[in-house]
Colleague: 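Okay, handing you the structure first.
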Amino acid sequence: MLRDLLHSYFKAETVIKVWISSATICWMNAILSFKNLEEEEKENCPCGEDLSERLNGFHGQLMDQVSLIALQEPEESDEMAIEVVKPGAFKRLYNFINAVKELEEEAREEPEPIKKTPEEIFRKVLIKTIVRWAEESQIETSKLVREMFSLLVRQYDSVGELIRAMEKTYVINSKTKNDVAEMWVGLSQIRALLPVQMSPEEEALVRERLWKLVNNHTFFQHPDLIRILRIHENVMAIMMNTLGRRAQAQSDVQDQAKATVQEGEAPPKEKDTSHEMVVACCRFLCYFCRTSRQNQKAMFDHFSFLLENSDILLSRPSLRGSTPLDVAYSSLMENTELALALREHYLEKIAIYLSRCGLQSNSELVEKGYPDLGWDPVEGERYLDFLRFCVWVNGESVEENANLVIRLLIRRPECLGPALRGEGEGLLRAIIDANKMSERIADRRKVMDEAEGTMVPLGFDHPLPESEEDEDYIDTGAAILNFYCTLVDLLGRCAPDSSVIAQGKNESLRARAILRSLVPLDDLQGVLSLRFTLQHPAAGEERPKSDMPSGLMPGNKQSVVLFLERVYGIETQELFFRLLEEAFLPDLRAATMLDRNDGYESDMALAMNRYIGNSILPLLIKHSMFYNEADNYANLLDATLHTVYRLSKNRMLTKGQREAVSDFLVALTR
């Protein structure tokens, strides 16, 4: 009984589905055949009169646009067809012209003239002109023949033109009409200035319009529209023109300087404002790449040009994120497909730039009074950061790029900085010296603030910031620290995964051996054992805007931990507890000391929490098997338990960091 009922139910359901599908198809056919309905069929048509009228009206307007009747009206005088037969493209052109004239002769029998629009009049004149050119002279240039033939075909291929236009058509909501109108005004102004050499006022207008385009709602809500309008191509054209004029101006200045030096006069200095336009264009293109993966791919087509000009504006920290190098890595950031599309010559160009940084000082910084180190850690760190985006995508290492980067760095040891190449002093000594240099510079700044005019001897020349808001000031010691820690971070991300090592591939084993030879394990332990400089203002003393130390920061240690895990791993209980006692436990205690009750937000506390939540606690949880049979380290584990429990009471922990603390406590007590 039940089986029969179910069978009847499913059979009825199938019939209903078939009936609904048939009804839907009939209804759609009735709508699509609206222009071919007879009077009797209109009464039974499910398409309403209002919809039918709108469809007919739209169809009529569309037919007016694609109609060729206006182009087939008779001429005042007959012209003889050309009978000379031309080979190849010439023959096709003249055959097409004769076919056009035959269509015009057939249209002469139509008695009623049709009023032509200005567009139709222009097309008619265009056709007559091309036909006259073809009949009057012998055309020998095949390219000109192709262009004439293509232009004639387009006049008679209205439907094809419409189809091609539909491929670039974008439909938006009527609510964004004002935003699109405003965007179109700005885009029109920018495009109007493309063919001319812009004055300073026009450059300022373009920069303002570019920023308004970024702030327009359609920029992020409709990224495909921005790409279809090819705005990024216009911005790239502006940047290319600006860089071309900049290169020409620099060449002229050098020639003029040589001439004036020969005459014994001082060369005049002119203010260069080209970087302002380049910065505006790069900032726009970086935001453009962030809107969608398709837009990233569109910018990746210009990757070669961006790398050619990636060596400018890198020594100014305030412009980070607004240089051609930033646009280059924004075009492939977090995009595995484009990262795999990188070729060796792209990365080799970056390696060449990086090797120059390892061999010569930054002349721009030396002119400003910074010490001449014999190498350039500021721009070198930027190139290392770019390579990091190439080898690490979506939390995973791109093996092909990682192996290539290791090979490129080994071929040019100068890319590794003075400490890691040849007979260098090693990572630990380099970081200790850089940390001391940064602290001496910070002490000098502090004394200068307290007693203006008093100078603390440094042993080297180093400028001071022009003001508290000087974003282009560089702490040379901190720059050296950032270079080596970024290098260690890059090398750690280039290391093969443990799963690949387990397969016993020779290339992976060789890569790991190379990385281990660059940075010894003792240096890693030494860096992790260094103490942070914590600032504790006395009662009544004015608090600084930021309590971040001038030298070693939590982010620097985070890079070292990543290298330690991926290259060496922690294979013995002795090594694990030595790191816990000398490196991790002191940092955990420092984090608990930074928690405050007065509501003051500590930048150092936030950085420490990120370091602990992203590096220390995951490592301690991952190696929880060492907690078994650890009676000799009972006091150390007890101290760690109490410290992490105190850390759990920290008010500045995020949700993810609190979960990491809980997971560690569970792993330790289990």
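Values in this document were obtained by computation on a predicted structure and should not be read as measured data.
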Colleague: Side chains of S550 and E439: is there a donor and an acceptor less than 3.5 Å apart?
Modeller: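 Per modelled atom types, S550 and E439 side chains form no pair under 3.5 Å.
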
Colleague: Which heavy atom of A660 sits nearest to which heavy atom of I621, and what is that distance?
Modeller: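 Between these two residues, the closest heavy atoms are O-CD1, 3.7 Å.
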
Colleague: For residues 479-502, pull every pair meeting ring pair (Phe, Tyr, Trp, His ring centres under 6.0 Å), keeping only residues two or more places apart or in separate chains.
Modeller: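 Passing the test, one end in residues 479-502: W375-F483, W375-Y484.
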
Colleague: Check the pair L373 / N362 against side chain to side chain contact (heavy atoms under 4.5 Å, CB included), numbers first and verdict last.
Modeller: CA-CA 9 Å; L373 303 174; N362 189 314; over 6 Å; no

Colleague: Kindly indicate, with the supporting measurements, whether the criterion side chain to side chain contact (heavy atoms under 4.5 Å, CB included) is fulfilled by T323 and V279.
Modeller: CA-CA 6 Å; T323 67; V279 167; over 6 Å; no

Colleague: Taking the side chain from N650 and the backbone from R646, do they hold a donor-acceptor pair closer than 3.5 Å?
Modeller: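 Looks like no, no N/O pair under 3.5 Å.
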
Colleague: Hey, is the main chain of M548 close enough, under 3.5 Å, to the side chain of D603 for a donor-acceptor pair?
Modeller: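 It does not hold such a pair.
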
Colleague: Grab the two heavy atoms, one from C494 and one from V405, that are nearest each other, plus how far apart they are.
Modeller: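 In this case the closest contact between C494 and V405 is SG-CG1, 3.9 Å.
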
Colleague: With rounding to the nearest 0.5 angstrom, report the CZ to CG distance, R316 to L319.
Modeller: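 Spacing of CZ (R316) from CG (L319) equals 4.5 Å.
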
Colleague: Please round to the nearest 0.5 Å and tell me the distance separating atom CE of M437 and atom CD1 of I432.
Modeller: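 It comes to 14.0 Å.
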
Colleague: Is it true that atom CD of E396 has more than 12 heavy atoms of other residues, nucleotides or ligands lying nearer than 6.0 Å?
Modeller: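 Incorrect, the count does not exceed 12.
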
Colleague: Tell me yes or no: between the side chains of N482 and E381, is some donor less than 3.5 Å from an acceptor?
Modeller: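 There is no such pair between these side chains.
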
Colleague: If you measure from the Lys or Arg side-chain nitrogens to the Asp or Glu carboxylate oxygens, is any gap between R293 and E337 under 4.0 Å?
Modeller: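 So R293 does not pair with E337 through a salt bridge.
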
Colleague: Can you confirm whether more than 12 heavy atoms, excluding those of E400, are under 6.0 Å from its CD atom?
Modeller: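 Yes - once you tally the heavy atoms of other residues, nucleotides and ligands closer than 6.0 Å, there are more than 12.
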
Colleague: Could you tell me whether E629 atom CD has more than 12 heavy atoms of other residues or ligands within 6.0 Å of it?
Modeller: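 No, the 6.0 Å shell around CD holds no more than 12 heavy atoms from other groups.
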
Colleague: Do S361 and D376 meet the criterion of a side-chain donor-acceptor pair at a distance under 3.5 Å?
Modeller: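 Note: S361 and D376 side chains miss the donor-acceptor criterion.
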
Colleague: Heavy atoms only: give me the nearest I441-G477 pair and the separation to one decimal.
Modeller: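 Looks like CD1-N, 4.2 Å.
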
Colleague: How many angstroms lie between atom CG of N609 and atom CG of L647, to the nearest 0.5 angstrom?
Modeller: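 Spacing of CG (N609) from CG (L647) equals 6.5 Å.
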
Colleague: Around N635, counting heavy atoms of other residues, nucleotides and ligands shown, do more than 12 lie under 6.0 Å from its CG?
Modeller: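 No, not enclosed.
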
Colleague: Atom CZ of residue position R516 - does it have more than 12 heavy atoms of other residues, nucleotides or ligands inside 6.0 Å?
Modeller: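 It does: R516 CZ has more than 12 such atoms within range.
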
Colleague: Taking Q657 for its side chain and T654 for its backbone only, find out whether a donor-acceptor pair lies under 3.5 Å.
Modeller: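 Judged by distance alone, yes, a pair lies under 3.5 Å.
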
Colleague: Are F386 and Y353 close enough that their ring centers fall under 6.0 Å?
Modeller: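 No.
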
Colleague: Just say parallel, tilted or perpendicular for the rings of F532 and Y611, cut-offs at 30° and 60°.
Modeller: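 Perpendicular.
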
Colleague: Using every non-hydrogen atom in the two residues, find where A511 and I406 come nearest and quote the distance to one decimal.
Modeller: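 The answer is CB-CD1, 3.9 Å.
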
Colleague: Roughly how far, to the nearest 0.5 Å, is the CG atom of L490 from the CG atom of D385?
Modeller: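 So the CG of D385 and the CG of L490 are separated by 9.5 Å.
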
Colleague: Rounded at 0.5 Å granularity, tell me how far NZ in K557 sits from OG in S529.
Modeller: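 The distance works out to 7.0 Å.
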
Colleague: For I570 and L579, what are the C-alpha separation, side-chain angles and deciding distance, and is it a side chain to side chain contact (heavy atoms under 4.5 Å, CB included)?
Modeller: CA-CA 10 Å; I570 302 177; L579 288 172; 3.8 Å; yes

Colleague: When you compare the side chains of S331 and Q296, does any donor N or O come within less than 3.5 Å of an acceptor on the partner?
Modeller: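 No, no side-chain donor-acceptor contact under 3.5 Å.
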
Colleague: About how many Å separate CZ of R356 and CG of L354, when rounded to the nearest 0.5 Å?
Modeller: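 So the gap between those two atoms works out to 11.0 Å.
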
Colleague: Please report whether the ring centroid of F626 lies less than 6.0 Å from that of F577.
Modeller: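 No, too far apart.
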
Colleague: Between R382 and D326, does any NZ, NE, NH1 or NH2 come within less than 4.0 Å of an OD or OE carboxylate oxygen?
Modeller: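 Salt bridge between D326 and R382, a charged N being under 4.0 Å from a carboxylate O: yes.
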
Colleague: Salt bridge check: are E344 and R411 linked by an N-O gap of less than 4.0 Å?
Modeller: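 Salt bridge present between E344 and R411.
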
Colleague: Between T476 and V378, does the side chain to side chain contact (heavy atoms under 4.5 Å, CB included) criterion hold? Intermediate values first, please.
Modeller: CA-CA 8 Å; T476 303; V378 178; over 6 Å; no

Colleague: Taking CD in E425 as the centre, count heavy atoms belonging to other residues, nucleotides or ligands within less than 6.0 Å. Is the count above 12?
Modeller: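 More than 12 heavy atoms, drawn from other residues, nucleotides or ligands, come within 6.0 Å of this atom.
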
Colleague: Minimum heavy-atom separation for I474 to S315, with atom names?
Modeller: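 What the structure gives for the nearest pair is CD1-O, 3.5 Å.
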
Colleague: Heavy atoms, side chains only, cut-off 4.5 Å: are P586 and R531 in contact?
Modeller: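 The answer is yes, as the side chains (C-beta and beyond) meet within the 4.5 Å cut-off.
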
Colleague: Between R512 and I501 (side chain of the first, backbone of the second, donor and acceptor by atom type, cut-off under 3.5 Å), is there such a pair?
Modeller: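 Looks like no, no N/O pair under 3.5 Å.
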
